[in-house]
There are 2 protein chains.
Amino acid sequence: MSEDMETTPGSATIARLRRELARGTTELAVLSVLSVRRRYGYELLKVLRETGEGVLEVKEGTLYPLLHRLEDSGHIRASWEAEGRARPRKYYVLTPDGRAYLGMLRAEWGGLVDGMRQLLDTLGEVQEWPTSGRSSTTTRKESDAT
Amino acid sequence: MSEDMETTPGSATIARLRRELARGTTELAVLSVLSVRRRYGYELLKVLRETGEGVLEVKEGTLYPLLHRLEDSGHIRASWEAEGRARPRKYYVLTPDGRAYLGMLRAEWGGLVDGMRQLLDTLGEVQEWPTSGRSSTTTRKESDAT
DNA sequence: CTTGATACCTTGTCACGCAAGGTATCGGGT
DNA sequence: ACCCGATACCTTGCGTGACAAGGTATCAAG
(Lines give C-alpha, C1' and ligand atoms only; values in the text may rest on other atoms or scores of the structure.)
Protein backbone atom coordinates (compact mmCIF):
# COMPACT_ATOMS: atom_id res chain seq x y z
CA MET A 1 0.00 0.00 0.00
CA SER A 2 2.66 2.44 0.86
CA GLU A 3 5.52 1.44 -1.37
CA ASP A 4 4.98 3.55 -4.40
CA MET A 5 8.27 5.37 -4.43
CA GLU A 6 9.56 6.38 -7.82
CA THR A 7 10.62 3.41 -9.81
CA THR A 8 11.39 5.67 -12.74
CA PRO A 9 15.14 5.63 -13.08
CA GLY A 10 15.35 8.86 -15.03
CA SER A 11 12.85 11.05 -13.36
CA ALA A 12 14.55 12.10 -10.18
CA THR A 13 17.53 12.95 -12.34
CA ILE A 14 16.74 16.59 -11.96
CA ALA A 15 18.04 16.56 -8.42
CA ARG A 16 21.24 14.73 -9.26
CA LEU A 17 21.73 17.01 -12.20
CA ARG A 18 21.50 20.08 -10.05
CA ARG A 19 23.78 18.50 -7.49
CA GLU A 20 26.49 17.61 -9.97
CA LEU A 21 26.36 20.97 -11.67
CA ALA A 22 26.67 22.84 -8.41
CA ARG A 23 29.68 20.78 -7.42
CA GLY A 24 32.46 23.02 -6.23
CA THR A 25 30.21 26.04 -6.34
CA THR A 26 29.45 25.67 -2.67
CA GLU A 27 32.98 26.45 -1.68
CA LEU A 28 32.98 29.57 -3.81
CA ALA A 29 29.66 30.69 -2.38
CA VAL A 30 30.64 30.12 1.23
CA LEU A 31 33.99 31.85 0.92
CA SER A 32 32.39 34.73 -0.91
CA VAL A 33 29.89 35.30 1.87
CA LEU A 34 32.63 35.06 4.45
CA SER A 35 34.70 37.58 2.53
CA VAL A 36 32.26 40.29 3.61
CA ARG A 37 32.16 39.50 7.30
CA ARG A 38 32.28 36.63 9.70
CA ARG A 39 29.36 34.25 9.99
CA TYR A 40 28.49 31.15 11.94
CA GLY A 41 27.50 27.94 10.25
CA TYR A 42 23.80 27.98 10.68
CA GLU A 43 23.75 31.58 9.55
CA LEU A 44 25.54 30.66 6.32
CA LEU A 45 22.88 28.05 5.74
CA LYS A 46 20.22 30.72 5.85
CA VAL A 47 22.10 33.34 3.88
CA LEU A 48 22.67 30.91 1.04
CA ARG A 49 19.07 29.82 1.15
CA GLU A 50 17.84 33.39 0.79
CA THR A 51 20.28 34.43 -1.88
CA GLY A 52 20.23 33.60 -5.54
CA GLU A 53 16.73 32.19 -5.66
CA GLY A 54 17.76 29.20 -3.64
CA VAL A 55 19.94 27.87 -6.41
CA LEU A 56 22.89 27.77 -4.09
CA GLU A 57 21.08 26.14 -1.22
CA VAL A 58 23.41 24.05 0.87
CA LYS A 59 22.47 21.22 3.17
CA GLU A 60 23.89 20.81 6.64
CA GLY A 61 25.57 17.58 5.73
CA THR A 62 27.44 19.50 3.09
CA LEU A 63 28.25 22.70 4.89
CA TYR A 64 29.74 21.49 8.15
CA PRO A 65 32.24 19.10 6.62
CA LEU A 66 33.14 21.79 4.10
CA LEU A 67 33.80 24.31 6.85
CA HIS A 68 36.02 21.82 8.63
CA ARG A 69 37.94 21.14 5.47
CA LEU A 70 38.42 24.85 4.83
CA GLU A 71 39.59 25.29 8.38
CA ASP A 72 42.04 22.43 8.09
CA SER A 73 43.54 23.90 4.97
CA GLY A 74 43.87 27.26 6.66
CA HIS A 75 41.47 29.17 4.45
CA ILE A 76 39.19 30.10 7.32
CA ARG A 77 39.53 30.26 11.08
CA ALA A 78 36.91 29.43 13.68
CA SER A 79 36.15 30.82 17.10
CA TRP A 80 33.44 29.85 19.53
CA GLU A 81 31.60 32.81 20.86
CA ALA A 82 28.94 32.85 23.54
CA GLU A 83 27.36 36.26 23.28
CA GLY A 84 25.53 35.80 26.50
CA ARG A 85 23.75 32.64 25.48
CA ALA A 86 24.25 29.20 26.87
CA ARG A 87 24.72 27.72 23.41
CA PRO A 88 27.74 29.43 21.86
CA ARG A 89 28.07 29.94 18.14
CA LYS A 90 31.05 29.01 16.03
CA TYR A 91 32.08 31.98 13.97
CA TYR A 92 34.22 31.67 10.88
CA VAL A 93 36.49 34.30 9.39
CA LEU A 94 38.43 34.35 6.17
CA THR A 95 42.20 34.22 6.57
CA PRO A 96 44.50 36.12 4.20
CA ASP A 97 45.33 32.76 2.73
CA GLY A 98 41.66 32.09 2.20
CA ARG A 99 41.21 35.41 0.51
CA ALA A 100 43.88 34.54 -2.00
CA TYR A 101 42.31 31.17 -2.53
CA LEU A 102 38.96 32.81 -3.09
CA GLY A 103 40.55 34.91 -5.80
CA MET A 104 41.73 31.77 -7.54
CA LEU A 105 38.34 30.15 -7.23
CA ARG A 106 36.63 33.18 -8.66
CA ALA A 107 38.98 33.30 -11.61
CA GLU A 108 38.46 29.62 -12.22
CA TRP A 109 34.71 30.01 -12.11
CA GLY A 110 34.85 33.00 -14.43
CA GLY A 111 36.91 31.00 -16.87
CA LEU A 112 34.47 28.14 -16.83
CA VAL A 113 31.48 30.40 -17.38
CA ASP A 114 33.26 32.15 -20.24
CA GLY A 115 34.26 28.85 -21.77
CA MET A 116 30.73 27.55 -21.66
CA ARG A 117 29.32 30.74 -23.09
CA GLN A 118 31.87 30.62 -25.86
CA LEU A 119 30.95 27.06 -26.64
CA LEU A 120 27.25 27.77 -26.72
CA ASP A 121 27.87 30.82 -28.90
CA THR A 122 29.96 29.09 -31.51
CA LEU A 123 27.53 26.22 -31.80
CA GLY A 124 25.61 27.83 -34.60
CA GLU A 125 28.63 28.74 -36.62
CA VAL A 126 30.83 25.72 -36.26
CA GLN A 127 30.85 23.84 -39.51
CA GLU A 128 34.39 22.75 -39.91
CA TRP A 129 37.61 23.02 -38.07
CA PRO A 130 41.06 22.15 -39.32
CA THR A 131 41.90 18.49 -39.12
CA SER A 132 43.14 17.41 -42.48
CA GLY A 133 41.13 19.28 -45.04
CA ARG A 134 37.94 17.29 -45.68
CA SER A 135 34.87 19.46 -45.92
CA SER A 136 31.94 17.76 -47.51
CA THR A 137 32.17 14.36 -45.96
CA THR A 138 29.91 14.33 -42.97
CA THR A 139 27.46 16.86 -44.23
CA ARG A 140 25.97 14.96 -47.12
CA LYS A 141 25.98 11.36 -46.25
CA GLU A 142 22.93 9.27 -46.04
CA SER A 143 24.22 5.80 -46.44
CA ASP A 144 23.47 4.86 -42.88
CA ALA A 145 20.49 2.72 -42.20
CA THR A 146 18.61 1.63 -39.08
CA MET B 1 65.66 7.47 -4.97
CA SER B 2 62.92 8.37 -7.33
CA GLU B 3 60.03 9.09 -5.03
CA ASP B 4 60.00 12.84 -4.90
CA MET B 5 56.49 13.42 -6.11
CA GLU B 6 54.71 16.43 -4.74
CA THR B 7 54.52 16.21 -1.00
CA THR B 8 52.72 19.53 -0.87
CA PRO B 9 49.14 18.68 0.02
CA GLY B 10 47.67 22.02 -0.98
CA SER B 11 49.55 22.94 -4.07
CA ALA B 12 48.14 20.62 -6.69
CA THR B 13 44.74 21.79 -5.51
CA ILE B 14 44.36 23.86 -8.62
CA ALA B 15 43.72 20.75 -10.67
CA ARG B 16 41.21 19.27 -8.27
CA LEU B 17 39.54 22.63 -7.99
CA ARG B 18 39.08 22.86 -11.72
CA ARG B 19 37.89 19.30 -11.84
CA GLU B 20 35.26 19.73 -9.15
CA LEU B 21 34.00 22.99 -10.57
CA ALA B 22 33.60 21.54 -14.03
CA ARG B 23 31.65 18.62 -12.66
CA GLY B 24 28.46 18.14 -14.60
CA THR B 25 29.54 20.68 -17.16
CA THR B 26 30.93 17.95 -19.34
CA GLU B 27 27.53 16.52 -20.04
CA LEU B 28 26.21 19.92 -21.02
CA ALA B 29 29.16 20.55 -23.28
CA VAL B 30 28.96 17.19 -25.01
CA LEU B 31 25.24 17.33 -25.60
CA SER B 32 25.53 20.89 -26.85
CA VAL B 33 28.09 19.92 -29.44
CA LEU B 34 25.98 16.96 -30.50
CA SER B 35 22.95 19.20 -30.83
CA VAL B 36 24.51 20.70 -33.94
CA ARG B 37 25.39 17.50 -35.71
CA ARG B 38 26.56 14.00 -35.08
CA ARG B 39 30.11 13.35 -33.94
CA TYR B 40 32.22 10.39 -33.00
CA GLY B 41 33.94 10.13 -29.65
CA TYR B 42 37.45 11.00 -30.56
CA GLU B 43 36.16 13.93 -32.53
CA LEU B 44 34.33 15.28 -29.51
CA LEU B 45 37.58 15.08 -27.60
CA LYS B 46 39.21 17.36 -30.11
CA VAL B 47 36.30 19.75 -30.51
CA LEU B 48 36.14 20.33 -26.78
CA ARG B 49 39.87 20.77 -26.61
CA GLU B 50 39.79 23.47 -29.27
CA THR B 51 36.77 25.32 -27.92
CA GLY B 52 36.54 27.57 -24.94
CA GLU B 53 40.24 28.00 -24.38
CA GLY B 54 40.57 24.44 -23.26
CA VAL B 55 38.56 25.06 -20.12
CA LEU B 56 36.17 22.32 -21.08
CA GLU B 57 38.83 19.81 -21.99
CA VAL B 58 37.63 16.29 -21.38
CA LYS B 59 39.76 13.22 -20.88
CA GLU B 60 39.08 9.89 -22.57
CA GLY B 61 38.43 8.21 -19.27
CA THR B 62 35.67 10.70 -18.76
CA LEU B 63 34.14 10.93 -22.18
CA TYR B 64 33.63 7.31 -23.11
CA PRO B 65 31.83 6.29 -19.94
CA LEU B 66 29.75 9.44 -20.21
CA LEU B 67 28.73 8.60 -23.76
CA HIS B 68 27.73 5.12 -22.67
CA ARG B 69 25.66 6.51 -19.85
CA LEU B 70 23.94 8.97 -22.14
CA GLU B 71 23.22 6.17 -24.55
CA ASP B 72 21.81 3.96 -21.83
CA SER B 73 19.47 6.71 -20.70
CA GLY B 74 18.33 7.25 -24.26
CA HIS B 75 19.64 10.77 -24.66
CA ILE B 76 21.88 9.85 -27.55
CA ARG B 77 22.07 6.99 -30.02
CA ALA B 78 25.16 5.40 -31.48
CA SER B 79 25.94 3.86 -34.84
CA TRP B 80 29.13 2.32 -36.10
CA GLU B 81 30.11 3.62 -39.45
CA ALA B 82 32.97 2.48 -41.61
CA GLU B 83 33.31 5.12 -44.27
CA GLY B 84 35.61 2.98 -46.26
CA ARG B 85 38.15 2.54 -43.51
CA ALA B 86 38.98 -0.67 -41.74
CA ARG B 87 38.55 0.95 -38.37
CA PRO B 88 34.95 2.14 -38.14
CA ARG B 89 33.93 5.15 -36.10
CA LYS B 90 31.14 5.24 -33.59
CA TYR B 91 28.92 8.19 -34.34
CA TYR B 92 26.55 9.65 -31.81
CA VAL B 93 23.35 11.57 -32.48
CA LEU B 94 21.06 13.42 -30.13
CA THR B 95 17.63 11.84 -29.70
CA PRO B 96 14.51 13.99 -29.24
CA ASP B 97 14.61 12.90 -25.65
CA GLY B 98 18.17 14.08 -25.39
CA ARG B 99 17.26 17.41 -26.87
CA ALA B 100 14.67 17.96 -24.19
CA TYR B 101 17.16 16.91 -21.57
CA LEU B 102 19.68 19.35 -22.98
CA GLY B 103 17.11 22.08 -22.58
CA MET B 104 16.74 21.24 -18.93
CA LEU B 105 20.47 21.15 -18.44
CA ARG B 106 20.88 24.50 -20.09
CA ALA B 107 18.21 26.07 -17.94
CA GLU B 108 19.80 24.60 -14.85
CA TRP B 109 23.20 25.93 -15.80
CA GLY B 110 21.76 29.34 -16.54
CA GLY B 111 20.09 29.38 -13.16
CA LEU B 112 23.30 28.49 -11.42
CA VAL B 113 25.28 31.16 -13.22
CA ASP B 114 22.61 33.73 -12.45
CA GLY B 115 22.49 32.69 -8.84
CA MET B 116 26.23 32.98 -8.47
CA ARG B 117 26.30 36.34 -10.14
CA GLN B 118 23.51 37.53 -7.91
CA LEU B 119 25.39 36.36 -4.86
CA LEU B 120 28.59 38.06 -5.90
CA ASP B 121 26.68 41.22 -6.68
CA THR B 122 24.81 41.49 -3.41
CA LEU B 123 27.92 40.82 -1.39
CA GLY B 124 28.61 44.48 -0.87
CA GLU B 125 25.10 45.43 0.09
CA VAL B 126 23.96 42.62 2.31
CA GLN B 127 23.53 43.92 5.81
CA GLU B 128 20.39 42.33 7.11
CA TRP B 129 17.85 39.86 5.89
CA PRO B 130 14.42 38.95 7.27
CA THR B 131 14.28 36.02 9.63
CA SER B 132 11.61 36.65 12.20
CA GLY B 133 11.37 40.34 12.67
CA ARG B 134 14.51 41.30 14.52
CA SER B 135 16.24 44.11 12.72
CA SER B 136 18.79 45.69 14.92
CA THR B 137 20.49 42.58 16.13
CA THR B 138 23.12 41.71 13.63
CA THR B 139 23.47 45.15 12.14
CA ARG B 140 24.40 47.15 15.16
CA LYS B 141 26.58 44.94 17.19
CA GLU B 142 30.15 45.69 17.77
CA SER B 143 30.77 44.02 21.02
CA ASP B 144 32.87 41.37 19.42
CA ALA B 145 36.51 41.32 20.16
CA THR B 146 39.53 39.56 18.68
C1' DC C 1 5.95 17.85 27.86
C1' DT C 2 5.96 17.71 23.19
C1' DT C 3 7.01 20.40 19.12
C1' DG C 4 9.71 23.35 16.27
C1' DA C 5 13.43 26.36 15.62
C1' DT C 6 18.19 27.11 16.56
C1' DA C 7 22.86 25.23 16.41
C1' DC C 8 26.34 22.03 16.13
C1' DC C 9 27.99 17.35 14.43
C1' DT C 10 28.88 12.37 11.96
C1' DT C 11 28.66 8.11 8.96
C1' DG C 12 27.65 5.82 4.66
C1' DT C 13 26.23 6.02 -0.12
C1' DC C 14 26.28 7.83 -4.79
C1' DA C 15 28.19 9.43 -9.02
C1' DC C 16 31.50 11.87 -11.62
C1' DG C 17 36.30 12.83 -13.36
C1' DC C 18 40.47 10.90 -14.28
C1' DA C 19 44.96 8.37 -14.16
C1' DA C 20 46.52 4.45 -15.93
C1' DG C 21 46.14 0.84 -18.37
C1' DG C 22 44.71 -1.99 -22.77
C1' DT C 23 43.57 -3.07 -27.91
C1' DA C 24 43.92 -2.22 -32.91
C1' DT C 25 44.75 0.46 -37.33
C1' DC C 26 47.50 3.31 -40.11
C1' DG C 27 51.05 6.53 -41.95
C1' DG C 28 55.70 7.80 -41.85
C1' DG C 29 60.73 7.60 -40.65
C1' DT C 30 65.03 5.28 -40.75
C1' DA D 1 61.38 -4.57 -41.64
C1' DC D 2 60.73 -2.09 -37.56
C1' DC D 3 59.09 1.27 -34.41
C1' DC D 4 56.66 5.36 -33.24
C1' DG D 5 52.97 8.51 -32.94
C1' DA D 6 48.40 9.58 -34.09
C1' DT D 7 43.88 7.83 -34.48
C1' DA D 8 40.06 5.42 -32.28
C1' DC D 9 37.84 2.67 -29.20
C1' DC D 10 37.59 0.71 -24.37
C1' DT D 11 38.12 -0.56 -18.95
C1' DT D 12 39.12 -0.71 -13.72
C1' DG D 13 40.11 1.68 -9.42
C1' DC D 14 40.84 5.72 -6.75
C1' DG D 15 39.61 10.32 -4.91
C1' DT D 16 36.14 13.53 -3.71
C1' DG D 17 32.16 16.47 -2.81
C1' DA D 18 27.04 16.52 -1.97
C1' DC D 19 23.69 14.69 0.75
C1' DA D 20 20.30 11.67 3.27
C1' DA D 21 19.75 10.30 7.61
C1' DG D 22 20.84 10.21 11.84
C1' DG D 23 22.39 12.28 16.56
C1' DT D 24 23.01 15.90 20.50
C1' DA D 25 21.58 20.02 23.05
C1' DT D 26 19.17 24.58 24.03
C1' DC D 27 15.15 27.32 24.20
C1' DA D 28 10.54 29.35 23.45
C1' DA D 29 5.59 28.22 22.69
C1' DG D 30 1.63 25.53 23.03
Side-chain angles (χ1 to χ4, degrees), chain A residues 5 9-10 12-13 15-30 39-46 48-49 55-73 78-92 105 112 131-132 134, chain B residues 5 9 12-13 15-30 39-49 56-73 78-92 112 131-134 137:
Chain A
M5 11 121 97
T13 315
R16 195 197 79 235
L17 204 170
R18 209 187 219 100
R19 189 160 63 234
E20 294 300 335
L21 259 191
R23 198 89 168 233
T25 299
T26 312
E27 212 172 288
L28 176 51
V30 166
R39 303 276 195 177
Y40 57 94
Y42 201 79
E43 195 184 6
L44 280 168
L45 241 31
K46 286 192 286 187
L48 292 176
R49 192 171 296 131
V55 202
L56 316 145
E57 188 174 342
V58 184
K59 303 300 159 49
E60 300 194 30
T62 303
L63 182 68
Y64 289 116
L66 170 61
L67 288 174
H68 297 156
R69 250 176 305 156
L70 287 172
E71 196 185 359
D72 283 348
S73 45
S79 62
W80 286 99
E81 233 146 315
E83 303 149 17
R85 64 167 59 69
R87 196 106 247 261
R89 287 159 168 172
K90 198 172 181 180
Y91 278 92
Y92 289 98
L105 246 183
L112 182 62
T131 310
S132 29
R134 338 280 312 279
Chain B
M5 11 121 96
T13 315
R16 196 198 74 234
L17 207 168
R18 208 188 220 98
R19 187 160 64 233
E20 294 301 334
L21 259 191
R23 198 87 168 239
T25 299
T26 313
E27 212 172 287
L28 176 51
V30 165
R39 304 274 194 176
Y40 57 94
Y42 202 80
E43 195 183 6
L44 281 167
L45 241 32
K46 286 190 285 185
V47 172
L48 293 176
R49 192 171 294 131
L56 316 146
E57 188 176 340
V58 184
K59 304 299 159 51
E60 299 194 31
T62 302
L63 182 68
Y64 289 116
L66 170 61
L67 288 173
H68 298 157
R69 252 178 331 210
L70 288 172
E71 195 185 359
D72 284 347
S73 45
S79 62
W80 287 98
E81 233 147 315
E83 304 150 17
R85 64 167 57 67
R87 194 106 248 259
R89 287 158 166 172
K90 199 172 183 181
Y91 278 92
Y92 289 97
L112 182 62
T131 310
S132 33
R134 343 280 311 280
T137 331

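Chain naming here is simple, since letters A, B, ... match the order of the sequence lines and numbering starts at 1 in each.
Where Arg19(B) and Arg89(B) meet DNA chain D, the nucleotide closest to each residue was compared, and Arg89(B) sits on the side nearer the 5' end.
The NZ atom of Lys59(B) sits 16 Å away from the P atom of dG21(C) (whole-angstrom rounding). Protein atom CD of Glu81(A) is 16 Å distant from nucleotide atom C1' of dC8(C), rounded to whole Å. Spacing between atom CG of Leu63(A) and atom P of dC9(C) amounts to 9 Å, rounded to whole angstrom units. One interatomic measurement links the two molecules: CG of Leu44(B) to C1' of dA8(D), which rounds to 12 Å at whole-angstrom precision. In this structure, CZ of Arg39(B) is placed 16 Å from C1' of dT7(D), rounded to the nearest angstrom. Between the C1' atom of dA15(C) and the CD atom of Glu27(B) lies a distance of 11 Å, rounded to the nearest Å. Note: CZ (Arg69(A)) to C1' (dC9(C)) measures 15 Å, nearest angstrom. Look at CZ on Arg18(B): it is 18 Å from P on dT16(D), rounded to the nearest Å.
Minimum heavy-atom separation, Leu67(B) to Val30(B): CD2-CG1, 4.2 Å. Taking all atoms of both residues into account, the shortest heavy-atom contact from Ala78(A) to Tyr92(A) is CB-CE2, 3.4 Å. Closest approach of Leu112(B) to Ala22(A), counting heavy atoms only: CD2-CA, 4.1 Å.
For Tyr42(A) and dT6(C), the shortest distance from a side-chain N or O to OP1 or OP2 is below 4.0 Å. Between Thr26(A) and dA18(D) there is a side-chain N or O to OP1 or OP2 distance below 4.0 Å. For Lys90(B), a side-chain nitrogen or oxygen approaches OP1 or OP2 of dC10(D) to under 4.0 Å.
Remark: Pro88(A) pairs with Trp80(A), Ala82(A) by the side chain to side chain contact (heavy atoms under 4.5 Å, CB included) rule, at least two apart or across chains. Every side chain to side chain contact (heavy atoms under 4.5 Å, CB included) that Arg49(B) has, sequence neighbours left out, goes to Leu45(B), Lys46(B), Glu57(B). Listed by chain and number, the residues in a side chain to side chain contact (heavy atoms under 4.5 Å, CB included) with Arg89(B) are Tyr40(B), Glu83(B), Arg85(B), Tyr91(B) (sequence neighbours excluded).
Remark: Leu63(B) CG to Glu27(B) CD distance equals 11.5 Å, nearest 0.5 Å.
Among pairs with a residue in residues 59-71 of chain A, none fulfils salt bridge (Lys or Arg N to Asp or Glu O under 4.0 Å), at least two apart in sequence or across chains.
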What nitrogen or oxygen pairs link the protein and nucleotides 25-29 of chain D at under 3.5 Å?
none

Kindly give the atom pairs (protein nitrogen or oxygen, nucleotide nitrogen or oxygen) under 3.5 Å for nucleotides 10-13 of chain C.
unit_1  : atom_1 : unit_2   : atom_2 : d
dT10(C) : OP2    : His68(A) : ND1    : 3.4

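Among the heavy atoms of the strands lying under 4.0 Å from Arg23(B) is at least one base atom, whether or not backbone atoms are also near.
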Side chain to side chain contact (heavy atoms under 4.5 Å, CB included) evaluation trace for Arg23(A) with Leu21(B): CA-CA 6 Å; Arg23(A) 198 89 168 233; Leu21(B) 259 191; over 6 Å; no
